[in-house]
Amino acid sequence: MQRKVISITMRIAEEAITNIYCSTFPTSLAIADLGCSSGPNTLYAVSELVKAVDEVRRKLGHQSPEYQVLLNDLPGNDFNAIFKSLAGFQENLKKQMGDGFGPCFFAGVPGSFYCRLFRAKSLHFVHSSYSLMWLSRVPEGLEGNKGNIYMASTSPPSVLKAYYMQFQTDFTLFLKCRSEELVAGGRMVLTIFGRRSQDPSSKECCYIWELLAVALNEMVLEEEKFDSFNIPQYTPSPFEVESQVKKEGSFTIDRLEISQVNWNAYDNEVHQSAAFEDGGYNVARCMRAVAEPLLVSHFGEAIIDEVFSRYGEIVASRMSKEKTEFVNVTVSVTRKG
C-alpha cells in the first residue's frame, strides 16, 4: 500500500527535484528520505528521483551530478538490512542508467526528524511519504478519551484539541529544522496520511483505528489498560498543512494535492495467490506493520496474533458493505531564499 502511494505521488516529487536541478545544475545533489523504513520500498522513491534527474541531464547534455542519498528513520529501524541490499541496488541502477551515471553515495541517518539531522544548507531535496502523520509522542490531556485508542466520533473536544496542538508543535518544528538544512531554493515533497474533511474525528481518517479498538475491546482487556492506550498520530487536512507551512514562514507552497488509495492495495488487481484476494487479511497485515510495536509495548506480545486475526475479520466485514479509502495529502514546497 505504501508503494502504491509513492507511485501515485511520484510525479510531484519528480517535478520538484528536476526543477531544483535545472535551476542550479549542481555538481553534487543531496537527497534525504525521511522515514525510509526498511524493506522493498526503502530505495524505491530514491531510484525514481535519481532516474528523473538523469533523464533531464542527458537531454541537456550535462555531466551527471554525484548523488548523496541520506536515509533517515528512528534508531530502531533495520539499517543493517538496508546496507546489505545496497550493493545489489547500486549494480541494478548502473545497468539501468548506463555509462556516465553517478556516482551515488548512501548513508543512514538514525534519529527523529523532529530535530536537526543534517548540516546547515547541505540538502537539495527532501522526500517523505507516510511518516509525518506520526507525532513525536502521545499528546497530553487524553484522559477523557475512554473507549477509544485514537480520535473518534465519541472523543470529547478536549481530546481533538490536544491532538491538533501536538501536530502543530511537531510539524512546525519539522519545517524549522528542514529549513535550516536545505539550501536556498531547495525543494521538499511530503505525503501525509490525512483527510479531506475539516473534522479531525471524521470517519475517513479515524475509522481504521476505531475498528482496531473494536478488536481490542472484544478481547476483554483490563479497562484501565485499554483506556490508557492512545495512538500517537494526527491525520491533517490540506488546510491544516497549508496554514502551518504559511505560519512557519520558511517555505512557499508549489503544490498541494489530495489522492486516495483503497484500504486493500491489491483491490482490482489480478494475482495468482488467493491470499491477495482477502481484503481484511491484507489491511490487517498492513496495519500490523505499523501498530504492532505500539501494542506490544503497552499490552505485551501474547495478544498480538489474536488481535490482528479478529481485526482482519472486522475489516473484511466492513469493506464488503462500504467504500473504504485512505486519503493522502501531498505538499510540494520551496525553501525561500
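From a predicted model like this one, the values you see are computed outputs, not experimental measurements. Reckoned from all heavy atoms, side chains included, excluding hydrogens, waters and symmetry mates.
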Residue pairs fulfilling side-chain hydrogen bond (donor to acceptor under 3.5 Å, both in side chains) with at least one residue in residues 113-126, sequence neighbours excluded = Arg116-Glu180, Arg116-Glu181
Hey, are the side chains of Leu86 and Leu43 touching, using non-hydrogen atoms and a 4.5 Å cut-off?
-> yes
Stacked cation flag Arg310 on Phe308, 6.0 angstrom / 45 deg | no
Is Arg335 reaching over with its side chain to a backbone N or O of Ser179, donor-acceptor style, under 3.5 angstrom?
-> yes
Taking only residues two or more places apart in sequence, or in another chain, which ones meet Tyr234 in a ring pair (Phe, Tyr, Trp, His ring centres under 6.0 Å)?
-> Tyr164, Phe167
Can you list the residues that meet the ring pair (Phe, Tyr, Trp, His ring centres under 6.0 Å) rule with Phe239, with sequence neighbours excluded?
-> none
Given the rule that I, L, V, M, F, W and Y join up when any side-chain heavy atoms are under 4.5 Å apart, are Met165 and Phe171 in one cluster?
-> no
Are the side chain of Thr42 and the backbone N or O of Ser37 linked by a donor-acceptor pair below 3.5 Å?
-> yes
Minimal heavy-atom distance between Leu74 and Ser112, with the atoms involved, is CD2-CA, 4.0 Å
Where do Asp199 and Ser197 land on the side-chain hydrogen bond (donor to acceptor under 3.5 Å, both in side chains) test, with the steps shown first?
-> CA-CA 5 Å; Asp199 175 11; Ser197 169; 5.1 Å; no
Does the side chain of Leu132 come within less than 4.5 Å of Phe113's, by heavy atoms?
-> yes
Passes side chain to side chain contact (heavy atoms under 4.5 Å, CB included), Val241 versus Ile192? Steps please.
-> CA-CA 9 Å; Val241 171; Ile192 312 168; 4.3 Å; yes
Classify the angle between the aromatic ring planes of His298 and Phe229 as parallel (below 30°), tilted (30 to 60°) or perpendicular (above 60°).
-> tilted
N/O donor-acceptor pair under 3.5 Å between Ser202 side chain and Gln198 backbone | no
Please tabulate, for the side chains in residues 88-95, all donor-acceptor contacts under 3.5 angstrom to protein atoms that are two or more places apart in sequence or on a different chain.
from  : atom 1 : to     : atom 2 : distance (Å)
Gln90 : NE2    : Cys104 : O      : 3.0
Asn92 : ND2    : Gly88  : O      : 3.4

Any donor-acceptor pair under 3.5 Å linking the side chain of Ser128 with the backbone of Leu34?
-> yes
Heavy-atom side-chain contact between Val296 and Ile304 under 4.5 Å | yes
Separation between OG1 (Thr18) and CZ (Arg187), nearest 0.5 Å, reads 8.5 Å
Counterpart residues, salt bridge (charged side-chain N to carboxylate O under 4.0 Å, His left out), relative to Glu210 (two or more places apart) | none
Say whether, by atom type as modelled, one donor and one acceptor occur between the side chain of Ser309 and the main chain of Glu306 under 3.5 angstrom.
-> no
Give the intermediate values and the outcome of side chain to side chain contact (heavy atoms under 4.5 Å, CB included) for residues Val53 and Leu29.
-> CA-CA 10 Å; Val53 173; Leu29 193 66; 3.9 Å; yes
Is there a donor-acceptor pair under 3.5 Å between the side chain of Thr172 and the backbone N or O of Gln168?
-> yes
Residue pairs passing the ring-ring contact (aromatic ring centres under 6.0 Å, His included) test where at least one lies in residues 25-46, sequence neighbours excluded | Tyr21-Phe25, Phe25-His62
Here the salt bridge (charged side-chain N to carboxylate O under 4.0 Å, His left out) pairs for residues 56-70, sequence neighbours left out, are Asp54-Arg57, Asp54-Arg58, Glu55-Lys59
Dump the intermediate steps for side-chain hydrogen bond (donor to acceptor under 3.5 Å, both in side chains) on Asn19 and Glu15, then the final yes or no.
-> CA-CA 6 Å; Asn19 278 351; Glu15 176 189 71; 5.0 Å; no
Classify the angle between the aromatic ring planes of Tyr150 and Tyr163 as parallel (below 30°), tilted (30 to 60°) or perpendicular (above 60°).
-> perpendicular
Salt bridge (charged side-chain N to carboxylate O under 4.0 Å, His left out) against Lys161, all qualifying residues, sequence neighbours excluded = none
Decide whether Asn328 and Thr191 meet the rule of one side-chain donor and one side-chain acceptor closer than 3.5 Å.
-> no
Partner set under ring pair (Phe, Tyr, Trp, His ring centres under 6.0 Å) for Phe125, not counting sequence neighbours | none
Intermediate values then yes/no, side chain to side chain contact (heavy atoms under 4.5 Å, CB included), Phe299 and Lys225 | CA-CA 8 Å; Phe299 297 106; Lys225 194 92 169 163; 3.8 Å; yes
The remaining residues in the hydrophobic cluster of Val327, counting side-chain heavy-atom contacts under 4.5 Å among Ile, Leu, Val, Met, Phe, Trp and Tyr, are Ile258
Are Val290 and Tyr207 linked, directly or through other ILVMFWY residues, by side chains that come within less than 4.5 angstrom of each other?
-> yes
Does Val126 reach the side chain of Leu182, with side-chain heavy atoms less than 4.5 Å apart?
-> yes
Calculate, to the nearest 0.5 Å, the distance between atoms CZ and OG belonging to Phe174 and Ser131 respectively.
-> 9.0 Å
Salt bridge (charged side-chain N to carboxylate O under 4.0 Å, His left out): pairs with one or both residues in residues 73-90, sequence neighbours excluded | none
Could you go through the side chain to side chain contact (heavy atoms under 4.5 Å, CB included) check for Asp33 and Leu70 one step at a time?
-> CA-CA 6 Å; Asp33 193 6; Leu70 301 153; over 6 Å; no
Of all heavy-atom pairs linking Leu117 and Pro110, the shortest is CD2-O, 4.4 Å
Does one hydrophobic cluster hold both Phe83 and Tyr67, with members joined at side-chain heavy-atom distances below 4.5 Å?
-> yes
Can you tell me if Ser228 uses its side chain to pair, donor with acceptor, with the backbone of Glu224 under 3.5 Å?
-> yes
Contact check, side chains of Val329 and Ser259, non-hydrogen atoms, under 4.5 Å | no
Keeping the roles fixed (side chain from Asn72, backbone from Gly111), state whether a donor-acceptor pair exists under 3.5 Å.
-> yes
Do Phe105 and Leu123 share a hydrophobic cluster (ILVMFWY, side-chain heavy atoms under 4.5 Å, transitive)?
-> no
Salt-bridge present (Arg11, Glu14; N to O < 4.0 Å) = no
Less than 4.0 Å between a side-chain N and a carboxylate O, is that true for Glu140 and Arg137?
-> yes
Charged N to carboxylate O under 4.0 angstrom, Arg195 versus Glu240?
-> yes
Between Leu49 and Met10, is any pair of side-chain heavy atoms under 4.5 Å apart?
-> yes
With hydrophobic residues grouped by side-chain heavy-atom distances under 4.5 Å, do Ile31 and Val183 end up in a single group?
-> no
Can you name the residues that form a ring pair (Phe, Tyr, Trp, His ring centres under 6.0 Å) with Phe79, not counting sequence neighbours?
-> none
Rounding to 0.5 Å, atoms CE (Met188) and CG (Asp254) come to a distance of 11.0 Å
Spatial distance of atom CD1 (Ile231) from atom CE (Met133) [nearest 0.5 Å] = 11.5 Å
How about Asn145 and Asp227: does a side-chain donor come under 3.5 Å of a side-chain acceptor?
-> no
Taking C-beta and beyond as the side chain, do Ile208 and Phe326 meet within less than 4.5 Å on heavy atoms?
-> yes
